[in-house]
Amino acid sequence: MIKGSPEMPDDFPLLKRYVEQTLKIQCSSYKEDYIKRRFLSRMRSTNTTSYGEYLRYVRAHPAELEPLRNALTINVTEFFRDKEVFDCIRTTIIPTIFARRKRIWIWCAGCSTGEEPYSLAMILADMMAQNKELSGQITATDIDEVVLAKAKTGIFAENIVKKLRNTQIQRHFTLLPSGDYEVKQQVKDLIRFRPHDLMSGVPPVRFLDLITCRNVTIYFTENQKDLLARMFHSALSHEGFYVMGKTEYLGKQVDGLFTPFDTAHKIFIKSPQP
Ligand SMILES: C[S@@+](CC[C@H](N)C(=O)[O-])C[C@H]1O[C@@H](n2cnc3c(N)ncnc32)[C@H](O)[C@@H]1O
């Protein structure tokens, strides 16, 4: 039995308040059960057995704040997350690929509720509207079938969509009677959502021009990250692009597999097989 859950719930509100004040994450915006499961996963990792003990641990070990933040925001995503990275994808990477061939193949790995692949699909749809010869397909995968089911609907709450520019909303979304927004069919048609475990070692698609795998590997061991980089290398076409999250990095064992293209934005190009 884990003390403090749910038999001894007394310290749970204290821990929640500490997180809200320290990490500025509004725990009350989430279902209580979700928050408890995330705390329990950190308690297992820190060998603490009650909410109170974990609270004492995190106070004494500030380094625990970052894994705790990540545990709480595990599926967090947003449209055009890190705008400058998507600006580079729109202005440089995708035009470079389209200069090579008229059809682009993209894998968005760890896509969560879909904001990242829909952002890529909106970029493609805008380019395809300008040039009818262009086409593309995005395979979007995640291990979590709950977020994938949400992603497939293409329906997003107003507060999420309102962060986009009005012109983007008008071009790519339909306002529903509920007040939510649904991605238009021609944008949805560019994406195939599929369940996939990045630890499986086998890519769901190959001969790719671009892989985005952003803000996913935070819990992966160094060895798992290296295996992932090898899998991405094998799944990319000659000189294909690999975009990581801003706080992620390539391990020393595998950095020869990729050549930096834009270091600040963590964008790499596949190197020839060493
Ligand atoms: C923080 S979200 C990142 C979403 C998006 N890429 C972004 O940057 O906004 C991380 C996603 O990675 C997924 N994930 C974690 N481990 C995975 C694995 N082994 N295989 C596939 N997806 C995984 C999670 O389910 C979650 O939806």
Side-chain angles (χ1 to χ4, degrees), residues 37-38 41-42 44-45 66-67 70-71 73-77 81 85 89 93 97 103-121 136-152 190-263 265-274:
R37 274 189 284 130
R38 312 276 27 123
S41 87
R42 290 314 307 154
R44 275 195 294 275
S45 302
E66 202 46 31
N70 288 318
T73 58
I74 201 153
N75 292 125
V76 165
T77 183
R81 183 177 193 175
V85 174
I89 291 175
I93 296 180
I97 297 166
R103 185 162 174 82
I104 184 170
W105 297 92
I106 300 176
W107 175 19
C108 176
C111 66
S112 189
T113 41
E115 283 86 335
E116 184 174 306
Y118 285 119
S119 302
L120 295 166
Q137 188 172 303
I138 301 165
T139 301
T141 61
D142 203 285
I143 195 172
D144 182 341
E145 301 215 19
V146 175
V147 291
L148 270 185
K150 163 97 182 63
K152 274 184 205 167
L190 294 171
I191 309 176
R192 303 272 180 280
F193 287 101
R194 288 174 60 176
H196 176 261
D197 181 357
L198 285 167
M199 309 240 188
S200 67
V202 183
V205 264
R206 289 183 185 273
F207 306 107
L208 291 151
D209 300 302
L210 166 63
I211 294 175
T212 64
C213 183
R214 312 194 64 234
N215 310 301
V216 176
T217 61
I218 198 102
Y219 292 117
F220 288 26
T221 62
E222 294 306 307
N223 186 41
Q224 283 164 338
K225 285 187 208 175
D226 290 355
L227 290 173
L228 196 64
R230 289 184 203 286
M231 179 173 73
F232 288 161
H233 184 271
S234 77
L236 281 168
S237 289
H238 177 65
E239 296 194 336
F241 290 87
Y242 170 26
V243 183
M244 310 178 89
K246 282 182 86 171
T247 59
E248 291 165 311
Y249 55 88
L250 272 179
K252 289 242 174 309
Q253 304 286 333
V254 289
D255 63 0
L257 296 179
F258 295 93
T259 309
F261 176 79
D262 180 332
T263 313
H265 298 138
K266 296 285 171 74
I267 301 173
F268 299 85
I269 289 190
K270 173 176 173 162
S271 309
Q273 194 70 47

Peer 1: Checking side chain to side chain contact (heavy atoms under 4.5 Å, CB included) for the pair His196/Thr139: CA distance, chi angles, key distance, verdict?
Peer 2: CA-CA 10 Å; His196 176 261; Thr139 301; over 6 Å; no
Peer 1: Aromatic rings Phe232 and Trp107: how do their planes relate, parallel, tilted or perpendicular, breaks at 30° and 60°?
Peer 2: perpendicular
Peer 1: Report the distance from atom OG of Ser271 to atom CD of Glu239, rounding to the nearest 0.5 Å.
Peer 2: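 Interatomic distance, Ser271 OG to Glu239 CD, rounded to 0.5 Å: 9.5 Å.
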Peer 1: Go through the steps to decide whether His233 and Phe258 satisfy the test side chain to side chain contact (heavy atoms under 4.5 Å, CB included), and finish with yes or no.
Peer 2: CA-CA 8 Å; His233 184 271; Phe258 295 93; 3.9 Å; yes
Peer 1: Heavy atoms only: give me the nearest Lys225-Thr217 pair and the separation to one decimal.
Peer 2: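 Taking every non-hydrogen atom into account, CE-O, 3.5 Å.
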Peer 1: Can you tell me if Asn215 uses its side chain to pair, donor with acceptor, with the backbone of Gly245 under 3.5 Å?
Peer 2: no
Peer 1: Any heavy-atom pair between the side chains of Trp105 and Val205 that's under 4.5 Å?
Peer 2: no
Peer 1: Do any N or O atoms from the side chain of Arg81 and from the backbone of Glu115 form a donor-acceptor pair under 3.5 angstrom?
Peer 2: no
Peer 1: When rounded to the nearest 0.5 angstrom, what distance separates CE in Met244 from CD1 in Ile211?
Peer 2: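 Spacing of CE (Met244) from CD1 (Ile211) equals 11.5 Å.
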Peer 1: Let me confirm one number: the CE-CG distance from Met231 to Leu228, rounded to the nearest 0.5 Å.
Peer 2: 5.0 Å
Peer 1: At what distance, to the nearest 0.5 angstrom, does CG of Leu210 lie from OG of Ser237?
Peer 2: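 One gets 11.0 Å once the value is rounded to the nearest 0.5 Å.
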Peer 1: Spell out, as yes or no, whether a donor-acceptor pair under 3.5 Å connects the side chain of Asp197 to the backbone of Ile143.
Peer 2: no
Peer 1: Which pair of heavy atoms, one from Gly251 and one from Asp226, lies closest together, and at what distance?
Peer 2: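 Heavy atoms of Gly251 and Asp226 come nearest at CA-OD1, 3.9 Å.
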Peer 1: Tell me whether Asp142 contacts the main-chain N or O of Cys111 through its side chain, where contact means a donor paired with an acceptor under 3.5 Å.
Peer 2: yes
Peer 1: If you take all heavy atoms of Phe193 and Gly114, which pair is closest and at what distance?
Peer 2: CE2-CA, 4.3 Å
Peer 1: Could you report the tightest heavy-atom contact between Ser234 and Arg206, atom names first, then the distance?
Peer 2: OG-NH1, 3.4 Å
Peer 1: For Arg192 and Gln137, run side chain to side chain contact (heavy atoms under 4.5 Å, CB included): C-alpha distance rounded to whole Å, both residues' side-chain angles, the deciding distance at 0.1 Å, then the answer.
Peer 2: CA-CA 8 Å; Arg192 303 272 180 280; Gln137 188 172 303; 3.6 Å; yes
Peer 1: CG/Leu120 to CD1/Ile138 distance, rounded to the nearest 0.5 angstrom?
Peer 2: 5.0 Å
Peer 1: Between Tyr118 and Ala151 (side chain of the first, backbone of the second, donor and acceptor by atom type, cut-off under 3.5 Å), is there such a pair?
Peer 2: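 Such a contact is found between Tyr118 side chain and Ala151 backbone.
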Peer 1: Restricting to non-hydrogen atoms, name the atom on Glu116 and the atom on Cys108 that form the minimum distance, rounded to 0.1 Å.
Peer 2: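 That closest heavy-atom pairing would be OE2-SG, 3.1 Å.
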Peer 1: Is the shortest heavy-atom distance from the side chain of Leu257 to the side chain of Arg230 under 4.5 Å?
Peer 2: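 Yes; the side chains approach each other to less than 4.5 Å.
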Peer 1: Calculate, to the nearest 0.5 Å, the distance between atoms CG and NZ belonging to Asp144 and Lys150 respectively.
Peer 2: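 Separation between the atoms: 12.5 Å.
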Peer 1: Taking all atoms of both residues into account, what is the closest heavy-atom pair of Thr141 and Leu148, and its distance?
Peer 2: C-CD2, 4.4 Å
Peer 1: Taking C-beta and beyond as the side chain, do Thr77 and Thr113 meet within less than 4.5 Å on heavy atoms?
Peer 2: yes
Peer 1: What's the verdict on side chain to side chain contact (heavy atoms under 4.5 Å, CB included) for Lys266 and Glu248, showing C-alpha distance, side-chain angles and the deciding distance?
Peer 2: CA-CA 8 Å; Lys266 296 285 171 74; Glu248 291 165 311; 5.6 Å; no
